[in-house]
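Position 1 is the first residue of the sequence; numbering continues from there.
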Amino acid sequence: MSTTFDLTLWYDRPATDWETQALPIGNGPLGAMIFGGVASEQIQFNEKTLWTGGPGSPGYDHGNWKSPRPDAVAEVQRQIDRDGRMAPDDVAAKLGQAKTGFGAYQTFGDLHLDFAGAPENPTAYRRELSLEEAVARVGYTADGVRHTRECFAANPGNVIVGRLSADQGGKVSFTLRHTSPRDDKTVTARGGRLTIRGRLSDNGMAFEAQVQVIAEGGTRTDDRDRITVTGADSAVFVLSAGTDYADTYPAYRGEDPHAKVTAAVDAAAAKSYDELKKAHVADYRELFDRVRLDLGGPAPAVPTDRLRQSYTGGDSPGDRALEALFFAYGRYLLISSSRENDVLPANLQGVWNDSTSPPWAADYHVNINLQMNYWLAEQTHLHETTRPYDRYIAALVAPGRKTAQEMYGARGWVVNNETNPFGFTGVHAYATSFWFPEAAAWTAQHLYDSYRFTGDLGYLRETAYPVIKGAAEFWLDFLHTDPRDGRLVVSPSYSPEHGDFSAGASMSQQIVREVFTNALAAAEQLGVDEAFQDEVRAALAALDPGLRIGSWGQLQEWKSDWDSRTDTHRHVSHLYALHPGDQIAAGTPEAEAAKVSLNARGDGGTGWSKAWKINFWARLLDGDHAHKMLTEQLKSSTLDNLWDTHPPFQIDGNFGATSGIAEMLLQSRHGVVHVLPALPSAWKDGSVSGLRAHGDVTVDAAWKDGAPDTVTVRPGRTGPIRVRSPFIAGRYRVRDEQGQEVRPRRDGDVLSWDARAGKAYTIQNDMR
Ligand code: FUC
């Protein structure tokens, strides 16, 4: 199956703005933004571990209280028990503490390639980003010469590679130099190699980047801090970068980056450009090509910025093309910012940041944002991209245990609203976001979900379970008995960034219930920790589940019926149980109540909020409303380079939207592989291949005239399988890949049979 159009973002003029126009490439650890200028090319680049803050930064304390506050939490709990609520400022005054040494993600600076005597009026200008190959290109014609540039970030060898060429000999001339907003570095040029090296004055972190310039023909000269190529036929540059960051508590430092960066650049410089590109494209395609989405086409031949500007969410082929491109872009961005050999996961901006003080420090917000970054990973067949996420969460356990003990008097581990690469697991002082101990359990959700997708027991035992168990242990110790009804509740509890503190806000309860349920299921599955299992069972029985239907039919956000019908807050936290959780199934009274809440919240919000709403409506099996939210996101929360905007640029919305589209096409909650559960009427004909479902199942589907046509499921494991799709209630036929008819049991629109690993079962709609 293949798309009927090119998955390429393209533009007919250079970018002048980093955030909205430049195009991102990345290999996980390294990222770059390409502008495509004619007189000067700007390549802003990043290395994901280059962070201020943490050890070495004055006063760094992991967010743990600087001195003990023995009764502070209990005092807040007593006040909430007495008054039912407490203002965020009052809680922050008792439990908060000013942030010190949190730090921020840093730009590594910019490479500039200056072209002396560049033409004023080039023709046939085009800059593009091919999502099929993960290669950025720039081309233009001047004085009868066609100039072309290509740039890509290769995971094999950890390098960013660029090539400049022309269709006539001797026409490639430029000067390459580096700039950065920092003054704690030196730049030297020797043998065609630029070396940028320094230590962050904030925390002493060592950083180094090297760029080797290789010219074919012409001359190459070093000049202090720049390298000039004159009259070459073509030229290649190879960049690598690193720091001495390590994800090990408490020092967070490892080896000096010099040897590694030198070796990476030496190795790449010894290869031909074609070899490097071939290895890169093969590596990238191994991941990217697993999934294809075709919503019809072909795309009109207009640049991507105009395609987006003319998008209405209506019936035009251009609209379908943009939606399919946006879906593919989410996968591209994840592959480009999170790879198996990465130390850190994708942050609020993936791996891209041009600043020394980016919005929210471009950190790891864990009251939805980091989690949202990975919602698409398993569903869209990018399991490998979750490794740095797993690694990062596991690295929070050690500092998180100290915070749990010191601040909460609890076992297990905890992290609050936002964190950094240095185990910031405590609190800060900003009243509406400083307190969110539920984050640890929420971050652990993805690990259990990964197991449900792959069925990999080794992963469950070694990687997921220790993290999940620790997150559950924390809540075994820190739950509070609600004097109102004797149930176990979270207190103080705060529905993210909204309202007052209280006891037992819905999201808090839903998250704790989920981590208990997953911890128990995992322990049972692994046959371990019986005493712990008993403890969890007892707590689950006494736990308030946080699912209440309120006076106007809404799902309550708090244990008391405080919801306002006119509240359009961007967080819709009380619907956690619908998505990303799975405690609410479509068609139940709670799902109907979720619908009421969602309608009241409206179709607005920040980019990520809209993306979340695509997922909610898909889970409610309302494809048209899910599509409406996608439309809203593309119309008003997407930039010309198709980055999601909060505003400002924040990458979670890209990832959340791709996840939402996947949820419209396939869901696998509650033990059923549900194919095309929320197909919108705007998507008349199309196909998708390679999506993943729980139980190690890969799914392809095609639809015609708005109805499923064929569904193929490929189980990776032998055992019972249940498949649901609307057309199964009618006439259908099931065959294996040899054309043999399979006779499953049917119950309404659900088929079940004993599937064999490695086989492909195709269900054909016979109603046509
Ligand atoms: C959450 C959101 C904000 C923003 C920030 C990075 O706290 O409430 O809207 O996305 O993360």
Side-chain angles (χ1 to χ4, degrees), residues 46-69 72 92-108 180-185 198-207 242-254 256-257 343-345 347-349 353 355-367 369-370 392-408 413-437 439-440 443:
N46 290 98
E47 202 283 340
K48 213 196 277 151
T49 64
L50 188 67
W51 263 78
T52 54
S57 187
Y60 185 62
D61 52 19
H62 297 266
N64 295 328
W65 287 326
K66 290 195 196 308
S67 50
R69 303 184 192 181
K94 286 199 183 328
L95 305 181
Q97 169 179 287
K99 237 182 203 175
T100 32
F102 185 87
Y105 183 39
Q106 301 292 302
T107 177
F108 223 112
S180 111
R182 358 191 30 92
D183 53 12
D184 43 15
K185 54 130 206 326
R199 280 185 188 278
L200 297 182
S201 48
D202 171 70
N203 61 8
M205 182 182 283
F207 59 91
T243 74
D244 65 354
Y245 171 79
D247 62 348
T248 41
Y249 175 79
Y252 295 99
R253 286 294 185 281
D256 185 276
V343 184
L344 293 172
N347 59 40
L348 281 173
Q349 299 185 173
N353 163 36
S355 163
T356 52
S357 55
W360 294 284
D363 67 10
Y364 298 98
H365 264 60
V366 276
N367 70 353
N369 317 84
L370 173 61
Y392 180 68
I393 302 304
L396 289 176
V397 171
R401 275 190 193 286
K402 187 158 186 273
T403 303
Q405 221 166 55
E406 283 184 14
M407 293 181 54
Y408 299 83
W413 70 279
V414 72
V415 60
N416 280 273
N417 202 74
E418 63 243 33
T419 179
N420 65 8
F422 312 106
F424 187 95
T425 44
V427 297
H428 54 88
Y430 196 74
T432 55
S433 64
F434 82 103
W435 186 267
F436 191 58
T443 62

Step through the shown structure and confirm whether more than 12 heavy atoms of other residues, nucleotides or ligands are within 6.0 Å of NZ on Lys185. yes

What are the two closest non-hydrogen atoms of Ala404 and Val414, and how far apart are they? N-CG1, 3.7 Å

Which word best sums up how the rings of Tyr252 and Tyr249 line up, parallel for under 30°, tilted for 30 to 60°, or perpendicular for over 60°? perpendicular

Please check this pair: side chain of Thr52 against backbone of Asp202, looking for a donor-acceptor N/O pair closer than 3.5 Å. no

Write down the atom of Gly101, the atom of Ser57, and the distance for their closest heavy-atom approach. CA-OG, 3.6 Å

Please tell me whether Trp435 and Tyr408 form a close aromatic pair, meaning their ring centres lie under 6.0 Å apart. yes

Okay, side chain of Arg69, backbone of Lys94: is any donor-acceptor separation there less than 3.5 Å? yes

What one should report as the nearest heavy-atom pair of Gly103 and Ala361 is O-CB, 3.6 Å

Check: Tyr430 main-chain N/O paired with His428 side-chain donor or acceptor under 3.5 Å: yes

Is it true that a side-chain atom of Gln97 and a backbone atom of Lys66 form a donor plus acceptor pair closer than 3.5 Å? yes

I need the Gln405 CD to Trp413 CH2 distance, nearest 0.5 Å. 15.5 Å

Give the ring-plane orientation class for Trp360 versus His365, where under 30° counts as parallel, over 60° as perpendicular and anything between as tilted. perpendicular

For Leu95 and Val427, run side-chain contact (heavy atoms from CB on, under 4.5 Å): C-alpha distance rounded to whole Å, both residues' side-chain angles, the deciding distance at 0.1 Å, then the answer. CA-CA 8 Å; Leu95 305 181; Val427 297; 6.0 Å; no

Is any side-chain heavy atom of Thr425 closer than 4.5 Å to one of Lys402? no

How about Asn46 and Gln349: does a side-chain donor come under 3.5 Å of a side-chain acceptor? no

If you apply the rule side-chain contact (heavy atoms from CB on, under 4.5 Å), what do you find for Leu50 with Leu200, and how did you get there? CA-CA 9 Å; Leu50 188 67; Leu200 297 182; 4.0 Å; yes

Asn367 and Asn417 side chains, donor-acceptor separation under 3.5 Å: yes

Close aromatic pair by centroid cut-off 6.0 Å: Phe422 and Tyr245: yes

Between Asn203 (side chain only) and Gly54 (backbone N and O only), is there a donor and an acceptor less than 3.5 Å apart? no

Out of the candidates Phe434, Phe436, Tyr364, Phe102, only one should pair with Glu418 under the side-chain contact (heavy atoms from CB on, under 4.5 Å) rule; please name it. Phe102

